[in-house]
Structure formats: C-alpha cells, structure tokens
Amino acid sequence: MATDAAAVTSTSLLHLHDHRHHHRHQPSPLSSVISYKPSVFSLKAISKPYSSFQRTRFNHYDAAPFRLRSLPPSSSAVASDPSHDFLISDDDKPREECGVVGIIGDPDATQLCSLALHALQHRGQEGAGIVSSDGSDLRSATGLGLVSEVFSDPAKLAPLMGDSAIGHVRYSTAGSASALANVQPFVAGYRFGKLAVAHNGNLVNYGILRSALESKGSIFNTSSDTEVILHLIATSSSRPLLARIVEACESIQGAYSLVFLTANKLFAVRDPHGFRPLVMGRRRPTGAIVFASETCALDLINAELVREVNPGEVIVVDGRNMTTTSLCLIPKKPRKACVFEHVYFALPNSVVFGHSVHASRYAFGAALARESAAASADIVIPVPDSGFFAALGFAEASGLPFRQGLIRSHYVGRTFIEPDTAGRNLAVKLKLAPVRGILEGKSVVVVDDSIVRGTTSSKIVQLIKTAGGAREVHMRIASPPIVGSCYYGVDTPRTEELISYRMDVEGVRQAIGCDSLAFLSLESLRGTFVDEANMFCDACFTGDYPVLSRDQEILQSVEA
C-alpha cells in the first residue's frame with residue numbers, strides 16, 4: 001500500500017485507506033427492502049404495521065447504489081439461540097470503533113503520537129496508523145494489530161519526520177475483513193495539496209451524500225463514510241481549507257470527532273451534538289498542542305488537559321507560529337454525549353465529557369445497590385475488568401465485603417471461538433479463572449457493566465457455580481437493559497441479537513441461569529449526572545435517537 005494517495009481532481013479521491021463499513025451497523029427498522037435515490041424512494045411490501053422500531057427486524061445497508069438489503073435467513077436463528085455465539089468476556093460487549101490523536105509543535109511528535117495511541121489501545125485493537133508532517137509533505141505508516149506490533153520496529157517510525165502528526169486505532173466491525181487498506185488515518189491529495197484525516201464516529205446520512213456525490217461524477221474507492229468527508233472537501237468551491245472543512249461538516253449528520261493534518265496545520269472538529277469525546281491538551285515544556293479521544297492519552301505523554309473540544313467547534317492550530325483559532329461555525333444543537341463512554345468504553349483514569357469515569361462507575365454501582373440489594377448475599381465480586389469500580393460502589397453502599405472472585409488472564413486473544421460446547425467452556429476458563437477459596441459455598445453478587453447478547457453472562461454464572469462452587473449467583477448490572485443498536489460510531493450487535501430486546505428481566509435471568517438479576521434503572525443512571533442528564537445520549541437504553549438515519553425518517557413519514 002502506497003503511503004501517500006495520488007493527487008485527485010475535484011470529482012475524485014484516489015487510493016484512500018478505507019476505515020470501516022460504518023453504515024453496516026446502522027440498523028433499519030423495516031422488514032423489507034427499501035430502494036431510493038436522494039430525491040426519490042419507494043417502499044415495497046411492508047409486511048406488518050409498525051409500532052416501535054425496537055420490535056422490528058433490522059437490516060444492513062448495501063454500499064452503492066444506496067439501498068437496504070435483508071439479513072441472511074440464518075441470522076435470525078443465530079440471534080435467537082445464544083449457543084451460536086461463542087464470543088467470551090469483553091467480546092460480548094458493544095465496542096468503541098476507534099480512537100484519534102493529533103499533536104503539533106513538538107519535534108518528537110511521531111513518537112508521542114505512538115505513545116498516545118498505546119493509551120487508547122482499548123478503543124481499537126485491529127489496526128493502527130500515524131501520518132506526520134515535516135512542514136512540506138505528509139508521510140504515512142499503518143499496520144494491522146496492536147500499536148506495539150505495528151510500530152515495534154523503530155525503522156517504521158523513522159521516516160515519519162516532523163513536528164506534527166495524527167494517529168488512529170481501530171476495531172474491525174462484524175463481518176468486515178481485516179485488511180491494511182482499512183486502517184486510518186487516510187491520506188488524500190487534492191488540487192491544493194495533501195490532507196490527512198482520522199475519524200471517530202458514524203455518519204447517518206452517508207448513503208445520501210455518497211449518492212449525490214456519485215451523481216456529480218465522484219468516484220469512490222472505499223465504503224467508508226470518512227471518504228465522503230474528503231470528497232465534500234475536495235469538491236467544495238470555498239476557500240480557504242477551513243471554509244471547506246466547515247462546509248463539509250455542515251453537510252454531514254451523525255457522530256464525528258475528527259483531526260485533520262496538512263503540511264503546517266492541525267484541525268480538530270467535533271459534531272454539534274458532541275456524541276464522541278475529544279479533548280485538547282498542552283505539553284510542557286514545548287508548548288505542543290495535543291488532541292485525543294481521552295485524557296488518559298494526555299497523561300501518558302505529560303500533556304496537561306486544557307479543555308474539551310466543544311460540540312460544534314472547529315479548532316485550528318497553525319504550526320508555523322503555534323497560534324490557535326477557535327470557531328463555532330457549525331450550527332449549535334443540544335449536547336448528546338454518549339453515556340456508554342462512562343458505562344464501559346473509556347478507561348477509568350480518564351475524564352470524559354467533564355466527568356471522572358471511575359467516579360461515574362462507582363456511583364452507578366452504589367445506586368444499583370440502593371435499588372437492588374441481594375439480601376442473602378455474602379460477598380460482592382466484579383466481572384474483570386469492566387465491573388471493578390461499579391462493584392466497589394455496590395459493595396460499599398450495601399455493606400458487603402468486596403472480593404476479587406474472578407481472575408482475568410491478559411494473555412488470551414481478544415476473540416476465542418470454538419465449534420463445540422467443550423471448546424467454548426475451555427475458552428471461558430482460559431480467560432476467567434474463579435477463586436474457589438473465595439466463592440465456595442457463598443451467595444455471590446456479581447457486578448458487571450452491561451449485558452448485550454447474554455452469552456458471556458451465562459458462561460460466567462456457570463463458571464462461578466461449577467468451578468467456583470458458589471451456592472447462589474446474583475447478577476447486578478450497572479446500566480439499564482440495552483434494547484437498541486447504536487448509530488453513532490459504536491459497534492453493537494443488531495437489535496434482534498440483544499437479549500434485553502427479546503426478553504424481559506425475568507426471561508434474561510432464566511436464560512443466563514442466575515438466581516436473581518437486576519439492572520440499574522434509567523432514572524438512577526441519569527441521576528448520577530444531576531442537571532446534565534439530558535445532555536447524554538442514552539438511545540441504546542431508550543430507543544430515543546437524537547439524529548435519525550434516512551431509513552428512520554422514511555419510516556416516520558410512513559407512520560404519519
């Protein structure tokens with residue numbers, strides 16, 4: 001793969017690194033195929049009245065022409081039978097799609113960018129990339145695997161000279177092939193020079209924009225919605241580049257935290273709702289400006305947090321004189337930060353959306369204990385590592401002793417798939433080991449952050465009872481039931497795969513085999529953020545989506 005993209009005309013962008021099939025995970029609430037162009041669409045054979053999008057099977061988007069296709073017949077059976085899903089531990093969780101970093105004004109920008117990506121490794125483990133600028137040209141290095149694997153050879157970073165760089169870590173999405181071409185940052189040439197971009201989020205109007213661009217002659221080489229942003233910039237008649245970026249951002253809808261790099265400038269942009277996090281820091285003593293998805297990345301490279309990039313804000317840093325310009329040119333909208341950053345995604349040592357993540361999780365656990373204490377319980381244990389702080393909060397609020405009853409191995413692959421029951425049980429034991437001396441004969445409260453498909457929870461319950469010897473297992477979940485997929489840059493299962501979409505709480509309890517089950521109520525979750533509760537997006541718990549995708553808009557017009 002060439003490190004730099006070929007120059008392009010205003011109607012085409014060539015040789016782009018592809019990020020991922022963002023649109024693949026946008027669920028469609030329609031049970032039949034919908035085909036439409038930007039100005040014309042038709043509905044075909046909607047088979048039943050539509051009362052709630054949460055009760056209708058979701059479809060996947062095709063690439064181009066923009067249309068919806070039904071799920072394969074086998075997917076429904078797989079979703080309804082947890083034994084078909086062999087993922088274990090944190091693989092049965094929603095996954096953050098990626099993390100971004102931007103640094104300008106430091107002679108060690110590339111090395112610092114690499115370190116910052118290490119801190120964001122939890123946000124993406126399939127691939128990593130860095131683009132640097134020496135003041136005249138952009139150079140790129142990307143690879144598959146962890147950051148430590150991609151940049152283990154110093155020779156790979158050596159060509160990335162300069163005092164500015166942007167970086168990216170990514171997850172592959174379900175069903176997408178791992179390929180070097182899928183790794184960001186993208187680098188593209190257009191008539192005014194080279195431009196690199198790293199993107200965290202998902203555009204809900206990707207298909208409409210792509211179709212419109214193609215009708216005007218644009219040629220797409222990927223299925224990534226990030227490419228749409230680059231096309232919009234390339235085809236814009238505005239000047240300078242800042243005006244092009246603002247114009248592009250006014251056209252796109254959905255979630256995006258973006259960092260752009262040119263030969264001598266770094267741009268940071270956050271969508272008007274502020275779905276995905278993005279913070280700004282300053283490194284001493286160089287005065288370098290740093291942007292990152294989480295504050296943990298700033299901490300690792302000794303950068304002080306300055307502030308969040310505000311929703312709808314564009315920040316420009318000129319590397320020639322290190323002047324910083326802040327513009328709020330994107331129309332202001334209600335803030336809707338992703339609450340799941342505090343439930344699961346972000347590291348506990350990060351400050352996200354102005355709140356300490358570990359403190360939020362502790363508060364979730366304490367509120368859960370006040371709502372749903374287990375009267376017969378002897379001890380509280382977390383599901384490592386995601387349930388740790390919630391379990392601490394639960395234990396202290398309930399007065400029960402906190403114990404580490406499960407030990408997690410960090411030397412097992414992120415995904416472990418086996419074709420039979422014996423192999424699947426072995427996979428669980430390889431990743432999570434019960435401490436029998438703590439669990440045997442006890443009534444145990446097990447605290448986890450969420451239940452998605454339920455497959456991992458059922459295996460954990462079985463492990464604690466059989467291998468651990470626990471008398472009772474009471475599952476306590478430090479978030480409400482997940483009943484909807486995410487449109488805004490989170491890799492979630494299709495809605496029909498979500499166990500809480502298919503079953504009530506008692507049904508879920510029976511399915512995972514625990515003695516009792518309780519979720520944190522939505523009211524208590526919101527209550528931890530006090531007067532900021534309405535500034536968080538909790539659509540995965542409510543189905544109340546702040547920004548509708550095109551197929552949702554069509555559906556609403558049908559209902560009307």
Side-chain angles (χ1 to χ4, degrees), residues 89-90 92-94 339-340 342-344 348 357-408 428 432 434-435 438-439 442-465 468 470-483 498-500 503-528 538 540-541:
S89 193
D90 56 350
D92 187 20
K93 299 286 185 184
V339 75
F340 227 88
H342 280 269
V343 172
Y344 175 72
V357 174
H358 78 82
S360 294
R361 292 176 186 170
Y362 182 95
F364 297 160
L368 180 60
R370 290 190 291 269
E371 287 184 340
S372 307
S376 64
D378 300 311
I379 59 173
V380 176
I381 71 169
V383 174
D385 296 311
S386 58
F388 182 86
F389 285 98
L392 274 179
F394 190 101
E396 294 199 16
S398 64
L400 294 172
F402 174 89
R403 297 289 185 268
Q404 285 278 34
L406 289 170
I407 306 300
R408 177 178 177 177
V428 175
L432 293 175
V435 183
I438 291 176
L439 301 173
K442 299 288 198 310
S443 175
V444 182
V445 174
V446 182
V447 180
D448 203 358
D449 64 279
S450 60
I451 293 181
V452 183
R453 296 180 179 91
T455 52
T456 294
S457 297
S458 64
K459 294 166 192 173
I460 289 173
V461 170
Q462 183 182 13
L463 185 69
I464 292 172
K465 284 191 171 183
R471 184 178 79 254
E472 295 176 343
V473 175
H474 304 277
M475 291 293 295
R476 294 295 181 267
I477 308 303
S479 65
I482 300 174
V483 296
L498 301 170
I499 192 170
S500 292
M503 305 175 184
D504 60 15
V505 174
E506 175 59 18
V508 175
R509 185 200 68 78
Q510 293 180 23
I512 66 178
C514 59
D515 294 277
S516 73
L517 170 67
F519 292 85
L520 180 66
S521 69
L522 183 63
E523 292 72 24
S524 291
L525 177 75
R526 290 173 171 172
T528 61
D538 50 25
C540 53
F541 305 132

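Values in this document were obtained by computation on a predicted structure and should not be read as measured data.
- Taking CG of Asp538 as the start and CD1 of Ile482 as the end, the distance is 12.0 Å to the nearest 0.5 Å.
- At least one donor-acceptor pair closer than 3.5 Å links the side chain of Arg361 to the backbone N or O of Tyr344.
- A side-chain contact (heavy atoms from CB on, under 4.5 Å) with His342 holds for exactly one of Thr528, Val357, Leu525; it is Val357.
- Atoms CG and CG, on Asp504 and Leu517 in that order, are 10.0 Å from each other to the nearest 0.5 Å.
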*Carefully, step by step, assess Ser372 and His474 under the rule side-chain contact (heavy atoms from CB on, under 4.5 Å).*
CA-CA 10 Å; Ser372 307; His474 304 277; over 6 Å; no

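- Between Ala478 and Ala390 the shortest heavy-atom distance is CB-CB, 3.7 Å.
- For Glu371, the side-chain contact (heavy atoms from CB on, under 4.5 Å) partners are Leu520, Ser521, Ser524, not counting sequence neighbours.
- A salt bridge between Glu523 and Arg526 is absent, with no side-chain N of the basic residue lying under 4.0 Å from a carboxylate O of the acidic one.
- A donor-acceptor pair is defined here as one N or O able to donate and one able to accept, closer than 3.5 Å; such a pair exists between the side chain of Ser398 and the backbone of Ala395.
- Inter-residue side-chain proximity for Asp448 and Thr456 is flagged as unmet; no heavy-atom pair is nearer than 4.5 Å.
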_Step-by-step side-chain contact (heavy atoms from CB on, under 4.5 Å) determination, Val446 to Val383_ = CA-CA 7 Å; Val446 182; Val383 174; 3.5 Å; yes

_Show, in sequence, the C-alpha distance, side-chain angles and deciding distance for Ser479 and Asp449, and conclude whether the side chain to side chain donor-acceptor pair (under 3.5 Å) test is met._
CA-CA 6 Å; Ser479 65; Asp449 64 279; 5.8 Å; no

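- Residue pairs that meet the salt bridge (charged side-chain N to carboxylate O under 4.0 Å, His left out) test with at least one member in residues 375-392, sequence neighbours left out, are Asp378-Arg471, Asp385-Arg408.
- Residues meeting the salt bridge (Lys or Arg N to Asp or Glu O under 4.0 Å) test with Lys465, sequence neighbours left out: Asp515.
- To the nearest 0.5 Å, the span separating CD1 on Ile451 from CD1 on Ile460 amounts to 9.0 Å.
- Annotation for Ala391 and Phe402: closest pair CB-CE1, 3.7 Å, computed over non-hydrogen atoms.
- The CG atom of Leu439 sits 5.5 Å away from atom CD1 of Ile379, with the distance rounded to the nearest 0.5 Å.
- Side chains of Val435 and Ile381 form no contact here, defined as non-hydrogen atoms less than 4.5 Å apart.
- Looking at Leu432 and Pro384, their side chains come closer than 4.5 Å, going by heavy atoms from C-beta outward.
- Rounding to the nearest 0.5 Å gives a distance of 9.5 Å between CE of Met475 and OG of Ser458.
- Across all non-hydrogen atoms, the minimal contact from Gly513 to Val461 is O-CG1, 3.4 Å.
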*Might you work through the side-chain contact (heavy atoms from CB on, under 4.5 Å) test for Leu406 and Ile464, ending with a clear yes or no?*
CA-CA 8 Å; Leu406 289 170; Ile464 292 172; 4.1 Å; yes

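- When each of Glu472, Arg476, Glu506 is paired with Ser516, the side chain to side chain donor-acceptor pair (under 3.5 Å) condition holds for Arg476 and for no other.
- When all heavy atoms are compared, the tightest approach of Phe519 to Ser500 is CZ-OG, 3.9 Å.
- Contact detail for Phe340 and Cys540: the closest heavy-atom pair is CD1-SG, 3.8 Å.
- Note: Ile499 CD1 to Ile512 CD1 = 7.0 Å, rounded to the nearest 0.5 Å.
- Closest non-hydrogen pair, Ala377 versus Val445, comes out as CB-CG2, 3.4 Å.
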